[in-house]
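Down below is the structure, laid out as structure tokens.
The chain is numbered in sequence order, starting from 1.
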Amino acid sequence: MSTRSPMIRRKAVKKGLTFTIMVVGASGCGKSTFVNTLCESEVLPKKDHGNAEKAALAKTVAIAPTTVEMEEDGLKLSLTIVDTPGFGDNINNEGSFDEILTYIEKQYDDILAEESRIKRNPKFQDNRVHALLYFIQPTGHALREVDIEFMRRLGPRVNVIPVVAKADSMVPQELAAFKKRIMEDIAYYKIPIYNFPYDEEEDDEETIEENNELRALLPFSVVGSEEEVIINGRRVRCRQYPWGVVEVDNSRHCDFSKLRYMLLSSHLHDLKEITHDILYENYRTEKLSKEGAVDEEEEDE
């Protein structure tokens with residue numbers, strides 16, 4: 001992770017920051033609740049698929065960006081959430097993969113076109129996706145084929161961060177074993193995810209230690225709740241069960257607070273830098289190489 005100069009920070013304070021998160025996962029896995037908990041407001045309305053007609057409409061992926069203005073650590077943050085309702089609800093999900101990949105690449109194409117202009121548009125909006133949260137169903141077994149294929153396809157284009165949805169549906173031992181199996185699958189299938197990279201020669205000990213701690217939490221176990229209750233005089237967001245309470249912001253109960261801090265504060269700039277310097281540059285190089293190859297073929301003809 002790079003350290004930011006005071007000049008860059010002052011500019012960021014004045015202008016505010018922009019950041020884009022895409023959320024992907026099957027219907028009913030708690031994406032809307034998670035996003036609303038993350039933003040501390042109702043950004044995504046709860047979906048009602050109570051009748052067959054609405055359920056049928058939800059079977060196609062309808063990519064929907066929503067922007068919310070927030071403040072984190074004294075900095076203004078314009079956070080865009082890109083929802084993907086309908087993902088994974090079909091037997092064949094090829095169409096879902098293609099639509100999501102096309103959306104991500106379209107943002108890269110827009111940047112490429114803007115960079116190619118002789119006169120830049122001062123009001124140009126950079127809508128690149130900086131992090132993709134992929135919600136894994138809490139099956140307790142291993143990654144499903146759809147999980148493996150999706151992350152393999154999207155990993156080279158975006159910072160994929162796997163999360164276990166509704167983690168409170170498993171006891172701690174089950175959850176720990178499930179997380180371990182998921183990471184074994186990710187390693188076995190060589191799935192490219194955002195794994196908190198660092199440079200031992202350039203980064204300081206604190207950064208290396210923090211990144212190793214976060215890497216050890218992958219995939220993040222999340223619990224979302226917009227319900228607040230008073231416990232021992234404290235107002236907490238939690239889910240209540242006959243056997244007890246799961247506190248959303250308690251790191252002993254789930255990884256939500258660490259994931260939130262990582263996304264919106266500690267690793268926000270790293271995710272943006274990797275998006276621009278590595279993922280976008282790789283896409284740009286591939287695209288221009290292909291176009292160059294096509295031009296050469298046409299000349300040969």
> Do you know which two heavy atoms are closest between Ile208 and Asp199, and how far apart they sit?
Replying inline: CD1-O, 4.3 Å
> Hey, is Lys290 close enough to Glu286 for a salt bridge, meaning N to O under 4.0 Å?
Replying inline: no
>> Going by side-chain contact (heavy atoms from CB on, under 4.5 Å), name the residues that satisfy it together with Leu101, two or more places apart in sequence or in a different chain.
In response: Glu105, Leu154, Arg157
>> Using side-chain heavy atoms (C-beta onward) and a distance below 4.5 Å, is Lys287 in contact with Leu112?
In response: yes
>> Test side-chain contact (heavy atoms from CB on, under 4.5 Å) on Ile193 and Met183; report intermediate values, then the result.
In response: CA-CA 10 Å; Ile193 62 167; Met183 292 312 291; 4.0 Å; yes
> Under 3.5 Å, is there a donor-acceptor pair between the side chain of His130 and the main chain of Phe19?
Replying inline: no
> Do the charged groups of Arg152 and Glu149 touch, with an N to O distance under 4.0 Å?
Replying inline: no
> Would you find a donor on one side and an acceptor on the other, under 3.5 Å apart, between the side chain of Lys166 and the backbone of Gly28?
Replying inline: yes
>> Which residues pass the salt bridge (charged side-chain N to carboxylate O under 4.0 Å, His left out) test with Glu42, not counting sequence neighbours?
In response: none
>> Can you tell me if Glu202 has over 12 outside heavy atoms packed within less than 6.0 Å of its CD?
In response: no
> Which of these, Tyr189, Tyr134, Phe135, sits in a ring pair (Phe, Tyr, Trp, His ring centres under 6.0 Å) with Phe150?
Replying inline: Tyr134
>> Distance check, rounded to the nearest 0.5 Å: Ile136 atom CD1 versus Ser221 atom OG?
In response: 11.5 Å
>> Rounded to the nearest 0.5 Å, what separates atom OG1 in Thr139 from atom CD in Glu174?
In response: 10.5 Å
> Hey, are the side chains of Asn282 and Pro156 touching, using non-hydrogen atoms and a 4.5 Å cut-off?
Replying inline: no
>> Using side-chain heavy atoms (C-beta onward) and a distance below 4.5 Å, is Ile21 in contact with Val129?
In response: no
>> Side chains of Val164 and Val222, heavy atoms from C-beta outward: is any pair under 4.5 Å?
In response: no
> Sequence neighbours excluded, which residues qualify as side-chain contact (heavy atoms from CB on, under 4.5 Å) partners of Glu72?
Replying inline: Met70, Leu77, Arg260, Leu264
>> Do Tyr194 and Val160 make a side-chain contact, defined as non-hydrogen atoms from C-beta onward lying under 4.5 Å apart?
In response: no
>> Treating Thr207 as the side-chain partner and Asp203 as the backbone partner, does any N or O pair qualify as donor plus acceptor under 3.5 Å?
In response: no
> What pairs with Glu114 under side-chain contact (heavy atoms from CB on, under 4.5 Å), at least two apart in sequence or on another chain?
Replying inline: Arg117, Arg120, Asn121, Phe124
>> Going by the rule side-chain contact (heavy atoms from CB on, under 4.5 Å), which residues pair with Ser265 if we only count those two or more places apart in sequence or in a different chain?
In response: Asp73, Tyr261
> Which heavy atom of Asn195 sits nearest a heavy atom of Arg215, and at what distance?
Replying inline: O-NE, 2.7 Å
> Hey, is the main chain of Val223 close enough, under 3.5 Å, to the side chain of Asp168 for a donor-acceptor pair?
Replying inline: no
> Does the side chain of Glu115 reach to within under 4.5 Å of the side chain of Arg284, using non-hydrogen atoms?
Replying inline: yes
> Do Arg128 and Asp110 sit within salt-bridge range, that is, some charged N less than 4.0 Å from a carboxylate O?
Replying inline: no
> Under the side-chain hydrogen bond (donor to acceptor under 3.5 Å, both in side chains) criterion, do Asn159 and Thr275 qualify, and how do the steps go?
Replying inline: CA-CA 7 Å; Asn159 291 305; Thr275 299; 3.2 Å; yes
> Would Thr66 and Asp83 satisfy side-chain contact (heavy atoms from CB on, under 4.5 Å), going step by step from the backbone distance to the final call?
Replying inline: CA-CA 8 Å; Thr66 306; Asp83 191 17; over 6 Å; no
>> So which atom in Gly140 and which in Met170 form the shortest heavy-atom distance, rounded to 0.1 Å?
In response: CA-SD, 3.9 Å
> Quick check: does any side chain N or O of Asn127 sit under 3.5 Å from a backbone N or O of Gln107, one acting as donor and the other as acceptor?
Replying inline: no
>> For Ile100 and Phe87: C-alpha separation, side-chain torsions, deciding distance, then whether side-chain contact (heavy atoms from CB on, under 4.5 Å) applies.
In response: CA-CA 9 Å; Ile100 293 168; Phe87 172 82; 3.8 Å; yes
>> Between Gln137 and Asp147, does the side-chain contact (heavy atoms from CB on, under 4.5 Å) criterion hold? Intermediate values first, please.
In response: CA-CA 9 Å; Gln137 297 275 44; Asp147 303 326; over 6 Å; no
> Of the non-hydrogen atoms in Ile274 and Pro197, which two are nearest, and what is the gap between them?
Replying inline: CD1-CG, 3.8 Å
> How long is the span from the CD1 atom in Ile161 to the CE atom in Met262, to the nearest 0.5 Å?
Replying inline: 4.0 Å
>> For the CG atom of Leu271 and the CG atom of Leu263, what is their distance to the nearest 0.5 Å?
In response: 6.5 Å
> Taking the six-membered ring for Trp, are Tyr198 and Phe196 ring centroids under 6.0 Å apart?
Replying inline: no
>> Can you list everything that forms a ring pair (Phe, Tyr, Trp, His ring centres under 6.0 Å) with Phe256? Sequence neighbours excluded, please.
In response: Phe34
> Between Ser32 and Pro45, which heavy-atom pair has the shortest distance, and what is it?
Replying inline: OG-O, 4.0 Å
> How many angstroms lie between CG in Leu17 and NE2 in His269, if you round to the nearest 0.5 Å?
Replying inline: 5.0 Å
> In terms of side-chain geometry, is the basic nitrogen of Asp255 or Lys179 positioned less than 4.0 Å from the acidic oxygen of its partner?
Replying inline: yes
>> I want to check something: taking the side chain as every heavy atom from C-beta on, are Ile104 and Tyr283 in contact at a cut-off of under 4.5 Å?
In response: no
>> For Thr18 and Ser78: C-alpha separation, side-chain torsions, deciding distance, then whether side-chain hydrogen bond (donor to acceptor under 3.5 Å, both in side chains) applies.
In response: CA-CA 5 Å; Thr18 59; Ser78 182; over 6 Å; no
> Which distance, rounded to the nearest 0.5 Å, do you find between the CZ of Phe220 and the CG of Leu133?
Replying inline: 9.5 Å
>> Please find the pair of heavy atoms, one from Cys39 and one from Val68, that lie closest to each other, and give the distance.
In response: SG-CG1, 4.0 Å
> Does some side-chain heavy atom of Leu79 sit less than 4.5 Å from a side-chain heavy atom of Thr20?
Replying inline: no
